[in-house]
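Please read the structure below before turning to the comments.
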There are 2 protein chains.
Amino acid sequence: MADVAERAGVSASTVSRTLRGYASVSAEVRERVERAARELNFAISRQAASLVTGKTGVVAVLVPILKSWFVGSALEGLGLVLRAAGLELVVYYVPDMVERADFFERLPARRNADALLVFSFDLTEEESARLDDLQMPVIYVSQHAEGRPSVYVDDVAGGRGGTRHLLNLGHRRIAFLRAIGVSGFTFSSNERLTGYRQALTDAGVPLDDELVVGAVLGEDRTVVQAVGQLLSLRHPPTAIFVEQDELAVAVLWTLRKSGFDVPERLSVLGFDDHDIARWVGLSTIAQSPTEIGRAAGELARALIETPDADRERHIVLPTHLIPRATTAPLTPPPPAPESGQETPPAGPGAWAD
Amino acid sequence: MADVAERAGVSASTVSRTLRGYASVSAEVRERVERAARELNFAISRQAASLVTGKTGVVAVLVPILKSWFVGSALEGLGLVLRAAGLELVVYYVPDMVERADFFERLPARRNADALLVFSFDLTEEESARLDDLQMPVIYVSQHAEGRPSVYVDDVAGGRGGTRHLLNLGHRRIAFLRAIGVSGFTFSSNERLTGYRQALTDAGVPLDDELVVGAVLGEDRTVVQAVGQLLSLRHPPTAIFVEQDELAVAVLWTLRKSGFDVPERLSVLGFDDHDIARWVGLSTIAQSPTEIGRAAGELARALIETPDADRERHIVLPTHLIPRATTAPLTPPPPAPESGQETPPAGPGAWAD
DNA sequence: CTGAAAGCGCTAACAG
DNA sequence: CTGTTAGCGCTTTCAG
């Protein structure tokens with residue numbers, strides 16, 4: 001910076017003022033300084049600046065996973081807002097419990113960021129408490145944190161809306177397929193199930209626990225098994241509401257492989273509006289992780305400027321139905337359903353319990 | 001830090017030495033200092049430290065997209081290495097040309113990171129040159145950059161290996177489906193195609209440009225059209241090598257929807273070993289983005305320590321075939337192929353040109 | 001509107 | 001093995 005000052009024939013203070021965009025710099029001087037800075041390829045050192053301002057110009061995020069559509073999209077939304085605000089994004093990738101314990105032990109974000117966004121973790125109260133004395137705004141993303149700022153989607157409404165859609169199509173036996181073991185997402189999962197139950201109850205359709213099954217994303221066998229379980233019920237469902245698009249695609253795949261036409265024989269509804277949903281024509285409840293990221297970023301910006309305001313602000317984002325090709329009105333049952341054998345279950349593993 | 005020093009009854013220097021893990025601190029003092037630090041919840045300010053050490057403790061990455069399996073996985077691999085090395089990860093998300101111009105204009109990473117990893121961009125020589133005078137190691141990830149350190153997968157070998165697999169199964173009419181318009185990935189794309197051509201040539205199978213088609217990921221219509229084009233050739237292919245798993249899945253979907261059995265009628269081979277490949281049983285050429293990220297992180301670490309070594313080091317990672325359920329030996333042509341009508345093309349748009 | 005001076009929190013010689 | 005001292009590169013009063 002001294003170099004720039006010299007080249008422009010001014011003092012360092014003036015260079016600083018110019019580069020920070022203060023109005024109190026004469027046009028002529030500003031011009032000279034800016035040229036000098038450009039010619040010398042000068043960029044302010046955040047480190048030095050933050051030492052005196054007390055602001056780091058950094059927003060940190062804590063994420064359990066990065067290769068996920070949800071987290072990736074949210075980070076994209078966040079990234080846009082942050083750059084517009086001149087903030088940098090540092091990522092703490094904390095995939096397992098060991099790393100996590102270490103993170104909460106050391107809290108590396110302390111003093112090295114102006115705000116922390118916690119993504120999709122199911123934090124213990126103890127961990128949250130630890131974050132509370134971090135001396136910076138902490139925002140909970142994709143989860144509702146009591147008494148703390150958070151940004152999330154109205155999963156209950158989404159679950160309800162999706163279920164209603166199926167009810168409106170005439171379905172009464174509606175299954176719900178949960179995604180098991182997606183660490184950090186149990187909050188959403190429970191909420192969606194709650195919405196499903198609410199909608200059924202509101203419609204006077206009795207809840208049936210046999211219709212709620214689970215599968216592990218990425219473990220084909222569990223999907224086949226879950227689907228098989230449903231198809232072999234005394235009163236099998238005519239529609240399946242799958243908690244997550246990626247899992248819904250696995251379900252579609254399983255059904256189609258065994259000759260079950262979707263949506264003719266069975267409607268399938270997903271949740272997320274993952275990119276893949278569009279490719280395979282999956283009807284789904286859309287949420288916008290990009291929007292979540294953006295909202296979280298804006299909340300962060302606000303809290304950095306006004307630390308005390310909005311301490312408990314919750315931003316709840318909407319979902320909406322995107323009907324595509326996998327949900328259809330309930331068709332009357334096939335002509336002669338006399339023989340119990342007429343609906344063979346789906347492929348290998350279908351009879352597994 | 002002064003507080004910690006006082007509480008432990010030592011000087012600030014000693015606190016610094018202790019916290020940085022220098023051996024020259026007596027066990028007893030170390031103990032006192034560590035306790036004091038913990039009690040006061042003290043964490044070193046990177047900003048202040050870097051001001052004097054000249055190291056920021058930060059590795060920056062420049063990415064064109066975040067919600068992609070590839071980039072996400074690579075960042076996970078990178079993240080692991082970085083944390084182990086005590087480095088932080090800052091992400092510059094630069095999705096479009098405007099942002100990109102701005103990035104190269106301002107080069108915000110200058111002085112604010114110890115190394116920069118450039119992910120999957122097709123940089124112009126001018127942009128690369130700009131990065132060259134960044135005063136820090138710049139590593140090109142997922143692309144070969146002449147004379148500059150880079151980490152990438154041997155896409156040519158992958159393309160060759162995949163094609164050989166299909167040749168070994170008896171296929172001779174092998175199509176290649178390119179992914180169009182995936183910004184930042186044309187390097188890999190070209191390499192894979194090159195490998196495909198090499199393998200065919202080596203095997204004495206004539207190249208046929210009609211067998212190389214393109215489609216846009218996420219635009220179903222283009223996939224249907226590309227597949228239709230292939231199926232309506234005078235000599236249609238018996239296998240399709242798709243440059244990317246996600247696109248391959250769209251192809252599978254299209255084929256299955258129109259009753260084309262895979263792999264009985266047509267083999268389909270992907271590239272990536274994307275998670276989704278496993279779910280749908282797609283045979284594919286595996287690469288490991290996590291490994292790429294890890295290797296890039298280690299190279300970054302090395303270059304930060306020894307800036308002049310390895311200036312041109314290239315790390316080339318292998319690929320390997322994962323045969324699953326979508327490739328099979330060429331079956332003899334169906335019994336009586338007399339009538340030209342016996343093989344209807346695939347669904348709507350199949351005849352489109 | 002601009003310059004001089006002080007100091008942000010830390011580390012790295014240099015003594016002891 | 002530990003303390004003292006002198007900055008690192010910036011921003012910010014405070015004068016002018």
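Naming convention: chains lettered A, B, ... in sequence-line order (proteins, then strands); numbering from 1 in each chain.
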Between protein and nucleic acid, restricted to nucleotides 7-11 of chain D and to nitrogen or oxygen atoms under 3.5 Å apart, what atom pairs and distances do you find?
{"unit_1": "D:dG9", "atom_1": "N2", "unit_2": "A:A48", "atom_2": "O", "d": "3.3"}
{"unit_1": "D:dC10", "atom_1": "OP1", "unit_2": "B:R111", "atom_2": "NH2", "d": "2.3"}
{"unit_1": "D:dC10", "atom_1": "OP2", "unit_2": "A:M1", "atom_2": "N", "d": "3.1"}
{"unit_1": "D:dT11", "atom_1": "OP1", "unit_2": "A:R20", "atom_2": "NE", "d": "3.1"}
{"unit_1": "D:dT11", "atom_1": "OP2", "unit_2": "A:S16", "atom_2": "OG", "d": "2.5"}
{"unit_1": "D:dT11", "atom_1": "O5'", "unit_2": "A:S16", "atom_2": "OG", "d": "3.4"}

Next on the checklist: Within a 6.0 Å radius of atom CD on B:E39, are there more than 12 heavy atoms belonging to other residues, nucleotides or ligands?
Outcome noted: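 Enclosed: over 12 neighbouring heavy atoms sit under 6.0 Å from CD of B:E39.
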
Next on the checklist: Applying a 4.0 Å non-hydrogen cut-off, can you work out what B:S24 is touching in the nucleic acid: base, sugar-phosphate, or nothing?
Outcome noted: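 Contact class for B:S24: base.
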
Rounded to whole angstroms, how far apart are [atom1] on [X] and [atom2] on [N]?
| X | N | atom1 | atom2 | answer |
| --- | --- | --- | --- | --- |
| A:K55 | D:dT12 | NZ | P | 12 Å |
| A:N112 | C:dG9 | CG | C1' | 12 Å |
| B:L19 | C:dA12 | CG | P | 13 Å |

Item to check | A:D122 versus A:Q143, side-chain donor and acceptor atoms under 3.5 Å | outcome: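 Distance-only check fails for A:Q143 and A:D122.
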
Salt-bridge test for [X] and [Y]: reply yes if a basic N is under 4.0 Å from a carboxylate O, no otherwise.
| X | Y | value |
| --- | --- | --- |
| B:E126 | B:R130 | no |
| A:E291 | A:R294 | yes |
| A:D3 | A:R7 | no |
| B:E34 | B:R38 | no |

Next on the checklist: Does a side-chain N or O of A:T14 approach OP1 or OP2 of C:dT2 to a distance below 4.0 Å, or not?
Outcome noted: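 Indeed not, no polar side-chain atom of A:T14 lies that close.
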
Item to check | Degree of bending, the helix from C:dC1-D:dG16 to C:dG16-D:dC1 (end axes from five pairs; round to 10°) | outcome: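 Result, rounded to 10 degrees: 30°.
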
Checklist entry - Which atom names give the shortest non-hydrogen contact between B:A300 and B:L117, and what distance separates them? => result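 Here B:A300 and B:L117 meet closest at CB-CD2, 4.1 Å.
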
Item to check | Qualifying residues under salt bridge (charged side-chain N to carboxylate O under 4.0 Å, His left out), relative to A:E99, sequence neighbours excluded | outcome: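 Counting only residues at least two positions away or on another chain, A:E99 forms a salt bridge (charged side-chain N to carboxylate O under 4.0 Å, His left out) with B:R83.
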
